[in-house]
Amino acid sequence: MLKLENVNMSYGDIQVLWDVSFEVKEAEILVLVGANGAGKSSTLKTISGLQRVRSGKIIFNGEDITQLPAEEVITRGIVHVPEGRRLFNEMTVEENLVMGSLNGESKKLRSQTMEECYELFPRLLERRKQLAGTLSGGEQQMLAVARGLMAKPKLLMLDEPSLGLAPVLVQDIFDIVKSVNKQGITVLLVEQNVQSTLTFCDRAYVLENGKIGISGTGKELLNNEHVKTAYLGI
Amino acid sequence: MELFLQTLVNGTLIGGLYAIIGIGMTLIMGVMGIINLAHGQIMMIAMYITWVLWQFLGIDPLLSLFISIPLVYVLGDLMARYLLYPLMEKESILPENQVLMTVGIGMVLVELARTIFTSDYRSVQTSYSDIVWRLGHISLSVPVVIDFFIAIAFTGAMFWFLIKTDIGRSIRATAQDKEAAILMGVSAKKITILTFALGSSLTAAAGTLFLPIYYLYPDVGPIFTLKAFVITILGGLGSTVGAIAGGLVLGIAETFGATYISMGYRDAFGLIIFLLVLIFMPGGLKSLTKV
């Protein structure tokens with residue numbers, strides 16, 4: 001579905017992605033794990049067009065989207081829920097959801113999708129007239145995911161959805177990711193929470209210093225010696 | 001007491017006009033992150049357009065709103081598209097490059113106006129310029145009252161646009177978090193250009209409405225840029241509601257100063273308030289309400 005071929009990317013003179021190649025397959029949950037500064041977020045930013053590649057190709061459903069402007073990437077069905085939620089804090093919950101559905105098909109289906117989001121996140125329905133900035137951390141993350149879903153994504157890219165959440169809420173968010181995936185939406189998940197993500201994902205890649213290291217199914221990686229010592233602390 | 005009420009009313013009426021100048025500046029401030037130091041000069045252009053229409057074609061200033069606003073919209077669009085936006089994409093040592101550009105634009109506009117129209121004072125004398133309504137002991141100048149209500153209508157329309165339409169929401173979203181807005185499919189370029197053009201149109205409306213009340217000469221531009229700046233800071237940078245409050249405060253402060261102290265220092269009172277706000281309430285009126 002999504003294919004990165006030898007992607008190199010740099011911020012000014014500092015190269016952060018080195019020959020990154022991987023593939024996301026239709027309807028799976030793919031996880032990119034790695035330490036701080038490994039280039040996970042940068043990979044997502046490159047896919048969504050916020051950062052330009054220095055060389056390499058990004059192909060989505062057969063179309064080369066390497067040079068596509070960031071605001072058009074979403075129209076192809078790739079939705080990026082950025083790190084740190086990045087809600088519009090001075091807008092209400094409902095307005096944030098509306099902002100998720102600005103283009104094409106998603107705009108026509110707006111009220112219907114919104115109903116679905118409220119079903120998935122009843123808390124957001126209670127708070128729909130409240131400003132996003134006044135929500136709790138967990139609610140904000142739900143809103144960020146819901147705002148992403150409003151765009152009717154084919155591929156949903158989630159950047160550290162568990163960041164700064166209490167362990168109970170982290171499990172909630174991961175349950176949501178699973179249920180979203182069950183609806184047929186492909187998920188590309190970036191996480192530092194290696195242990196729990198590896199248990200429910202289909203496949204995973206380990207990103208180290210901007211390079212793709214080991215890859216395999218979640219189970220394989222959980223049993224991998226290197227992953228155990230470096231990320232699981234066993 | 002009568003004098004006090006009269007002053008308050010006059011100040012409020014002028015403040016309504018100041019408010020739409022301030023909202024225009026605030027929108028641009030919010031989305032582009034810059035102070036537009038050509039704001040008053042753009043308003044002056046609208047005033048000259050209105051004056052020419054009245055002088056040579058006999059079109060009433062209220063009717064020329066329909067001409068001056070679209071013309072200035074196009075002017076704003078072109079300035080943002082070809083002069084300001086290209087600077088946003090360039091990495092530079094000075095992040096203030098766009099502000100410097102607006103200073104340049106402002107100078108060019110003033111000198112252009114001076115070349116074409118000379119430095120003479122101009123004004124428009126409409127049939128209703130001198131009519132005054134009396135409410136008890138308070139007198140209301142008809143053109144000022146009309147202008148005030150038109151200004152309110154523009155403010156209302158702007159709020160409706162910002163709150164109820166997708167483009168309006170995109171403008172607010174871009175001001176709050178540009179990168180997140182881009183991820184939602186908002187074109188930062190389109191929104192930036194649109195916002196600058198809209199902000200310019202609002203100040204154009206103010207200019208056209210001001211013409212029957214004010215004298216017009218090329219240097220009126222910088223004075224209003226300063227006023228717009230004061231209003232924006234008073235209201236708290238980037239707050240639309242704050243800009244309305246800031247406009248009213250400035251209008252009332254100036255009028256009271258002019259009435260009770262000295263007419264000659266009218267413009268100075270706004271600046272004194274400005275200094276006080278910067279020292280004692282640097283967040284502007286916005287910091288009082290926390291919105």
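Each chain gets a letter, A, B and so on, in the order its sequence line appears, and its residues count up from 1.
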Enquirer: Using a cut-off of under 4.5 Å for heavy-atom pairs, which of B:Ala188, B:Gly185, B:Ser170, B:Ala180 has the most such pairs with chain A?
Expert: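 Option with the greatest count: B:Gly185.
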Enquirer: At a 4.5 Å cut-off on heavy atoms, which part of B:Ala181 comes close to chain A: side chain, backbone, both, or neither?
Expert: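 Answer is both: backbone and side chain atoms of B:Ala181 are under 4.5 Å from chain A.
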Enquirer: Compare all side-chain heavy atoms of B:Leu198 with those of B:Ile171 and state whether any distance is below 4.5 angstrom.
Expert: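 Side-chain contact under 4.5 Å: yes.
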Enquirer: Using heavy-atom distances under 4.5 Å, tell me whether A:Ala151 contacts chain B through its side chain, its backbone, both, or neither.
Expert: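 The answer is neither part of A:Ala151.
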Enquirer: Heavy atoms only, distances under 4.5 angstrom: which of A:Glu72, A:Met91, A:Lys107, A:His80 has the most pairs with chain B? Name it, please.
Expert: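 That would be A:Met91.
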Enquirer: Name the option with the most non-hydrogen atom pairs under 4.5 Å to chain B; the candidates are A:Leu50, A:Val98, A:Ile78.
Expert: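 Top count of heavy-atom pairs under 4.5 Å with chain B: A:Leu50.
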Enquirer: Taking all non-hydrogen atoms of both residues, which atom of B:Leu183 and which atom of A:Ser48 are closest, and how far apart?
Expert: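 Distance-wise, the nearest heavy atoms are CD2-OG, 3.7 Å.
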Enquirer: What about the rings of B:Phe210 and B:Phe224, do their centers lie closer together than 6.0 Å?
Expert: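 Close enough - the centres of the two rings lie under 6.0 Å apart.
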Enquirer: Quick one, B:Asp166 with A:Arg110, criterion salt bridge (Lys or Arg N to Asp or Glu O under 4.0 Å). Give me CA distance, side-chain angles, the key distance, then yes/no.
Expert: CA-CA 12 Å; B:Asp166 273 5; A:Arg110 182 177 288 170; 2.7 Å; yes
Enquirer: Would A:Arg147 pass as a cation-pi partner of A:Phe88, given that its NZ or CZ must be under 6.0 Å from the six-membered ring centre and within 45 degrees of the axis?
Expert: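 Satisfied, under 6.0 Å and within 45°.
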